[in-house]
Participant: 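Quick one: the structure is below, questions incoming.
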Amino acid sequence: NSRIIIYEMMKKLGLEGGDIIQVKTDSITFINKKEINLENFISKDLEGWKLEDYNPIGEKCGIYYDTPATFKYEKKVIL
């Protein structure tokens, strides 16, 4: 179960609630306050942990909350 794997990794890293920025299905984004040597946890295997830069989402991600959801398709012609 992916949640158990992520939880166990968070325990290994010694993360606390205030360190965690976000948790996704296959990743943990956190502030490395303890300056943990992350190289000890990185793997080149397909199912191993990877290290990536964090890029926060600054604005709404293309979802228009003011527009009601619909399955109608309006064909627009651009000349």
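All heavy atoms count here, side chains included; hydrogens, waters and symmetry mates do not.
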Participant: According to a 4.5 Å side-chain heavy-atom criterion applied to Ile, Leu, Val, Met, Phe, Trp and Tyr, with indirect links allowed, do L13 and Y7 form part of one hydrophobic cluster?
Facilitator: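 Hydrophobic grouping puts L13 apart from Y7.
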
Participant: If I compare all heavy atoms of I21 with all of Y54, which pair ends up nearest, and what's the gap?
Facilitator: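 Heavy atoms only, the tightest pair is CG2-OH, 3.6 Å.
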
Participant: So, using side-chain contact (heavy atoms from CB on, under 4.5 Å) as the criterion, who are the partners of S27 when residues are at least two apart?
Facilitator: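 K24.
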
Participant: Show me, pair by pair, the donor-acceptor contacts under 3.5 angstrom made by side chains of residues 33-45, not counting sequence neighbours?
Facilitator:
from: K34; atom 1: NZ; to: G14; atom 2: O; distance (Å): 2.4
from: N37; atom 1: OD1; to: E39; atom 2: N; distance (Å): 3.2
from: S43; atom 1: OG; to: D45; atom 2: N; distance (Å): 3.0

Participant: Sorted by first residue and then second, give each salt bridge (Lys or Arg N to Asp or Glu O under 4.0 Å) pair with at least one member in residues 1-15; sequence neighbours left out.
Facilitator: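 Residue pairs passing salt bridge (Lys or Arg N to Asp or Glu O under 4.0 Å), neighbours aside: none found.
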
Participant: Other than I4, what residues sit in its cluster of Ile, Leu, Val, Met, Phe, Trp and Tyr side chains whose heavy atoms are under 4.5 Å apart, directly or through others?
Facilitator: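 None; I4 is a cluster of one.
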
Participant: Are L15 and I5 linked, directly or through other ILVMFWY residues, by side chains that come within less than 4.5 angstrom of each other?
Facilitator: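 Yes, it is one cluster - the side chains of L15 and I5 are joined through contacts under 4.5 Å.
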
Participant: Would you say W49 and I28 make side-chain contact, with heavy atoms under 4.5 Å?
Facilitator: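 Yes, their side chains come closer than 4.5 Å.
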
Participant: Please list, chain by chain and in numerical order, all residues satisfying side-chain hydrogen bond (donor to acceptor under 3.5 Å, both in side chains) with Q22, sequence neighbours excluded.
Facilitator: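 Expected list: T29.
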
